[in-house]
Amino acid sequence: MSEPRRRMSGKERREQLIQISRTLFAEKGFDGTSVEEIAATANVSKPVVYEHFGGKEGVYAVVVDREMQKLLAMVTEALSASHSLIKLERAALALLAYVEENSEGFRILVRDSHAASGTGTFASLINDIASQVEDVMVDEFVGRGYDPKLAPMYAQMLVGMVALTGQWWLDVRRPPREEVAAHLVNLAWNGLVGLDPRPRLTASSRGMEQRRAPLPPRPTDKELREMGKAREREAKEQEKVREREAKEQEKLARDQEKARLREQRDLEKAREREIREQARLLKEQERIRERELKEQEKIRVREAKAAEREAARQTGDTDRPGEGREKIESSE
């Protein structure tokens, strides 16, 4: 004989009805789903559904709220990264991961929202995410000298682009989400003019994608406190990184100044050596000219003496014939 079926607790029954309704709403939409169908799928009577949620509108509101909180938690965590490019990459990955791992929930969010969802429409969800991105873009705009008043408009553009791409990718599922995220970031970060023909995510984001575990539907208070502490630690770490970078830049500037001074001193020494060498060459040239002048003077003296001797010789030859005639006359 089969064992009697265990009776569910009220909490378990509520969770069962939520999961069944989630699947039906994703498949048929709000209007295409009835309380009768929810009850029949759960193998309970209609009053059970009314008891827990008051009707189809109530369970729909719970399903939509859960999906919004889940997606917002994933995007919020992605936007806690330090660098703007990493934030953009991880936000795109978070949305695509939600689309891939929570297809039913995403289908519910992107359908024409019923009035029962209240503020839980996809448009309001996009606005919530855009408001977070806006804060990031304001800092980025200020840092780059752009008008921060334009940040809200750019946030809507950026989030809308990612969200619409997610809707398209919900059905095609090609290429893989990491590649889709890389192309999204390529367009958003580089712009059409600077598109990279083969974009890839940074190693940091690829590693995070490999390590990423599914996030809980809604963070608990303790988890939120832990996330706050983690952001504080990250902020402190970023401050330490900035301080290290500032010190490294100061050290680099000092090293460059020292190198410049050494180069200047070397140039001065080289100029001094060149001046001394030029002076030495001038003195050497003067000594050579002095020696040449002395040699020339010696040559002139020798030539003068030789000329005197030659003149004296010629004079002597002329005088000797006269002396002979005098001797002859005296002898006669």
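The residues of the chain are indexed from 1 along the displayed sequence. Only heavy atoms go into these numbers, but all of them, side chains included; no hydrogens, no water, no symmetry mates. For clarity, every value in this text was computed on a predicted model and none was experimentally measured.
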Among the clusters formed by ILVMFWY side chains lying less than 4.5 Å apart, do [X] and [Y] turn up in the same one?
| X | Y | value |
| --- | --- | --- |
| Leu164 | Leu170 | no |
| Val172 | Val99 | yes |
| Trp189 | Leu150 | yes |
| Val241 | Ile86 | no |

- Task: Only pairs at least two apart or in different chains count here, so list each side-chain hydrogen bond (donor to acceptor under 3.5 Å, both in side chains) that has a residue in residues 147-167.
- Result: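 Residue pairs passing side-chain hydrogen bond (donor to acceptor under 3.5 Å, both in side chains), neighbours aside: Asn127-Gln156.
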Minimal non-hydrogen separation, [X] against [Y], with atom names:
| X | Y | answer |
| --- | --- | --- |
| Leu93 | Ala181 | CD2-CB, 3.8 Å |
| Ala151 | Glu134 | CB-O, 4.1 Å |
| Lys70 | Tyr98 | CD-CE1, 3.9 Å |
| Arg177 | Ala97 | NH1-CA, 3.4 Å |
| Ala130 | Ala155 | O-CB, 3.5 Å |
| Ala188 | Met161 | CB-CE, 3.5 Å |

- Message: Cation-pi check for Phe30 against Lys56: NZ or CZ below 6.0 Å from the six-membered ring centre and within 45 degrees of the axis, yes or no?
- Response: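 Yes, Lys56 sits over the ring of Phe30.
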Do the non-hydrogen side-chain atoms of [X] and [Y] ever get within less than 4.5 Å of each other?
| X | Y | answer |
| --- | --- | --- |
| Gln314 | Glu310 | yes |
| Arg291 | Lys294 | no |
| Leu96 | Glu100 | no |
| Leu71 | Asn102 | no |
| Arg313 | Arg309 | no |
| Leu17 | Arg14 | no |
| Gln285 | Leu282 | yes |
| His183 | Leu187 | no |

If the condition is side-chain contact (heavy atoms from CB on, under 4.5 Å), which residues does [X] pass it with, not counting sequence neighbours?
| X | result |
| --- | --- |
| Glu239 | Arg242, Glu243 |
| Arg280 | Glu277 |
| Glu308 | none |
| Lys240 | Glu237, Arg244 |

- So which pairs with a foot in residues 36-52 pass salt bridge (Lys or Arg N to Asp or Glu O under 4.0 Å), sequence neighbours left out?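 Salt bridge (Lys or Arg N to Asp or Glu O under 4.0 Å) check on residues 36-52 returns Lys28-Glu37, Glu36-Lys46.
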- Query: Going through the checks in order, is the side chain to side chain donor-acceptor pair (under 3.5 Å) test met by Arg66 and Gln69?
  - Reply: CA-CA 5 Å; Arg66 278 194 175 188; Gln69 293 300 325; over 6 Å; no
Out of curiosity, [X] [atom1] to [Y] [atom2], how far, rounded to the nearest 0.5 Å?
| X | Y | atom1 | atom2 | value |
| --- | --- | --- | --- | --- |
| Gln16 | Thr41 | CD | OG1 | 9.5 Å |
| Leu281 | Glu286 | CG | CD | 11.5 Å |
| Glu101 | Met74 | CD | CE | 6.0 Å |
| Leu109 | Glu104 | CG | CD | 12.0 Å |
| Leu85 | Leu201 | CG | CG | 8.5 Å |

- Start with the C-alpha gap between Asp65 and Tyr60, add the side-chain angles, then the distance that decides, and say whether side-chain contact (heavy atoms from CB on, under 4.5 Å) holds. CA-CA 9 Å; Asp65 182 68; Tyr60 184 82; over 6 Å; no
- Message: Checking Arg260 against Glu257 for the salt bridge (Lys or Arg N to Asp or Glu O under 4.0 Å) test, could you report, in this order, the C-alpha distance in whole Å, the side-chain angles of both residues, the deciding distance, and whether it holds?
- Response: CA-CA 5 Å; Arg260 187 187 66 79; Glu257 180 64 17; 2.5 Å; yes
Could you list the residues that satisfy side chain to side chain donor-acceptor pair (under 3.5 Å) with [X], not counting sequence neighbours?
| X | value |
| --- | --- |
| Ser45 | none |
| Arg300 | Glu297 |
| Gln296 | none |
| Ser103 | Arg173 |

- Message: I'd like to know whether CD of Glu263 has more than 12 heavy-atom contacts from other residues, nucleotides or ligands below 6.0 angstrom.
- Response: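 Counting neighbours around CD of Glu263, 12 or fewer heavy atoms of other residues, nucleotides or ligands fall under 6.0 Å, so no.
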- Message: A quick test of your reading: do over 12 heavy atoms of other residues, nucleotides or ligands sit less than 6.0 Å from CZ of Arg289?
- Response: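 More than 12 within 6.0 Å, yes.
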- Task: Supply the members, apart from Val138, of the Ile/Leu/Val/Met/Phe/Trp/Tyr cluster built from side-chain contacts under 4.5 Å; use none for a lone residue.
- Result: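 Grouped by the 4.5 Å side-chain rule, Val142 form the rest of the cluster around Val138.
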Check: [X] side chain, [Y] main-chain N or O, donor-acceptor pair, under 3.5 Å:
| X | Y | result |
| --- | --- | --- |
| Glu27 | Leu24 | no |
| Trp169 | Pro175 | yes |
| Glu89 | Thr202 | yes |

- Message: Taking salt bridge (charged side-chain N to carboxylate O under 4.0 Å, His left out) as the definition, give me every residue that meets it alongside Asp266, ordered by chain and number, with sequence neighbours left out.
- Response: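 Counting only residues at least two positions away or on another chain, Asp266 forms no salt bridge (charged side-chain N to carboxylate O under 4.0 Å, His left out).
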- Between Glu303 and Lys298, is a salt bridge (Lys or Arg N to Asp or Glu O under 4.0 Å) present by the stated rule, with each step listed? CA-CA 8 Å; Glu303 289 177 346; Lys298 289 179 181 180; over 6 Å; no
- Do the side-chain N and O atoms of Glu15 and Gln19 include a donor-acceptor pair separated by under 3.5 angstrom?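 The answer is yes; a qualifying pair exists.
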- Task: Kindly determine whether Phe25 and Val59 satisfy side-chain contact (heavy atoms from CB on, under 4.5 Å), including the steps that lead there.
- Result: CA-CA 10 Å; Phe25 288 142; Val59 68; 4.0 Å; yes
- Query: Could you walk me through whether Leu158 and Leu88 pass the side-chain contact (heavy atoms from CB on, under 4.5 Å) check?
  - Reply: CA-CA 9 Å; Leu158 183 59; Leu88 182 58; 3.7 Å; yes
- Task: State whether Asp171 and Arg107 are salt-bridged, where the test is any N-O pair (Lys NZ or Arg NE/NH1/NH2 against Asp/Glu carboxylate O) under 4.0 Å.
- Result: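 Yes, charged N to carboxylate O under 4.0 Å.
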- Are the charged groups of Arg22 and Glu67 less than 4.0 angstrom apart, N to O?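 Result for this pair is yes, salt bridge flagged.
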